[in-house]
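Here's the structure, in structure tokens; my notes come after.
First listed ligand is number 1; within each ligand, the first listed atom is number 1.
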Amino acid sequence: MKAWCALAFLCLAYFCHSAQSCPAFCKCYARRTEVVCHEVPLTEYPTEGLPKNTTSLTIQYTNITSISEEHLSATPLLQELHLYSNHLQQLSSNLLRGVPHLHTIDLTDNKLAHLPADVFSHAPLCSLVLKNNQIEKADAEWFPDNSSLTWLDLSGNHLRKIPATFFQKLPHLENLDLSDNRLETFPADSLDLLTKLERLNLQSNKLDTLDASTFQSTRNLTHLFLARNKLSKIPQNLFQELTQVKVLGLDDNQLSHIPPGLLDQLNSLDDESLDLSANPWLCDGKVEYLWRWLQKNKKKVFLPETIVCAKPQSLSARSVMSLTESELNPQS
Ligand SMILES: *[C@@H]1O[C@H](CO)[C@@H](O)[C@H](O)[C@H]1NC(C)=O
Ligand SMILES: *[C@@H]1O[C@H](CO)[C@@H](O)[C@H](O)[C@H]1NC(C)=O
Ligand SMILES: *[C@@H]1O[C@H](CO)[C@@H](O)[C@H](O)[C@H]1NC(C)=O
Ligand SMILES: *[C@@H]1O[C@H](CO)[C@@H](O)[C@H](O)[C@H]1NC(C)=O
């Protein structure tokens, strides 16, 4: 009897203890100081019972709608916050004031539209993912001066333009993803301070032109994605400084010509890594530069035979590479 009581007491104590040290519906991994609340019926941030020493918190596929500075201050050692696929609409100003070690936030697939000033100030953030939200305006006020961010993903939002001041606060960026937005313009001097940038994704926007000086300071770029825009003209010097570029996507634009010399500095391209397909190439005498470049650099191009003439009618659907010199210059 005594033994039974002791056992019951132990069980109870264990139960109470574990209930206290982990929020309802969540799993706590004490040794790793990690808490995971995955696909559970939460509608509010799980404040009750979060271990104070939590360093990694994951709340995903729940119905929570907001997070505040008070919520996060309960776990001052937090380093990573994964908030994938919730219903978040609101983040409080100075959200990160109580988490001075936080370096990673993932807010993918939420319902964020407006973010307050200083929402990403106060913590030494390296990685911020805001992918697939409803953000219309990118605001420099979100960040402190000289933010430590190296990775910023704003893909899949509703951005129409980015103020030139936005990137002035982010001089340490190495990876910037702005794909799948509605960008119509990209200010010429936007990237002037981003000398460490290595990957830039602008694909699936509505850009019809880029200023010749856009990439003049981003000499360490290795990956540049410009596919699925409306680019019809490219300035001759656009890629002049991009001697480190390994991968370049220009497919699915409105290019009929590229200016002579455009690709000459791209000496680091990997094999099959330049994509020029799905453009309406005009195969008149002015396509000669592209034609000559392709003869020499065919290996660098992804599916080179898919670079085909849209016009003139007589050459329509012919691969540019396959043209003969007399077809390029019919009069001569
Ligand atoms: C979130 O709310 C919706 C509608 O109220 C409900 O159907 C769904 O089960 C909830 N999700 C979770 C993970 O509780
Ligand atoms: C974190 O705190 C919990 C109690 O809240 C404790 O059981 C656990 O051992 C602690 N983990 C570490 C690594 O200190
Ligand atoms: C900016 O931050 C970096 C480290 O993140 C630091 O080394 C540098 O001194 C800072 N620059 C200014 C102007 O504060
Ligand atoms: C560019 O890359 C080189 C080689 O990786 C590196 O040494 C250099 O510091 C980088 N430049 C900047 C401005 O980050």
*Those atoms of ligand 1 less than 4.0 Å from some heavy atom in Y61*: 13 (C)
*Hey, is R318 close enough to E327 for a salt bridge, meaning N to O under 4.0 Å?*
yes
_If we count only N and O atoms by modelled type, under 3.5 Å, do the side chains of N94 and H122 hold a donor and an acceptor together?_
yes
_Check this for me - ligand 3, N146, N or O atoms closer than 3.5 angstrom, yes or no?_
yes
_Suppose we screen for salt bridge (charged side-chain N to carboxylate O under 4.0 Å, His left out). Which residues come up paired with E288, at least two apart in sequence or across chains?_
R292
*Which other residues belong to the hydrophobic cluster containing Y84, where Ile, Leu, Val, Met, Phe, Trp and Tyr are joined when side-chain heavy atoms lie under 4.5 Å apart, directly or via other members?*
Y61
Using distance only, find each side-chain donor-acceptor pair of residues 262-272 under 3.5 Å and give its atom names and separation, not counting sequence neighbours.
{"unit_1": "D264", "atom_1": "OD1", "unit_2": "Y289", "atom_2": "OH", "d": "2.6"}
{"unit_1": "S268", "atom_1": "OG", "unit_2": "T243", "atom_2": "O", "d": "2.5"}

*Return the protein residues near ligand 4 (heavy atom under 4.0 Å from any of its atoms), ordered by chain and residue number.*
T195, K196, N220
*Can you sort out which atoms of ligand 1 are near N63, meaning under 4.0 Å from one of its heavy atoms?*
1 (C), 2 (O), 3 (C), 8 (C), 10 (C), 11 (N), 12 (C), 14 (O)
*asked:* If we set the cut-off at 4.0 Å for heavy atoms, which region of T43 has an atom near ligand 1: side chain, backbone, both, or neither?
replied: neither
*Taking atom types as modelled, is there a side-chain donor on D109 or N132 under 3.5 Å from an acceptor on the other?*
yes
*Pick one: which of N201, L242, T218, L197 meets side chain to side chain contact (heavy atoms under 4.5 Å, CB included) with L224?*
L242
_Check: H172/E174 side-chain N/O donor and acceptor closer than 3.5 Å_ = no
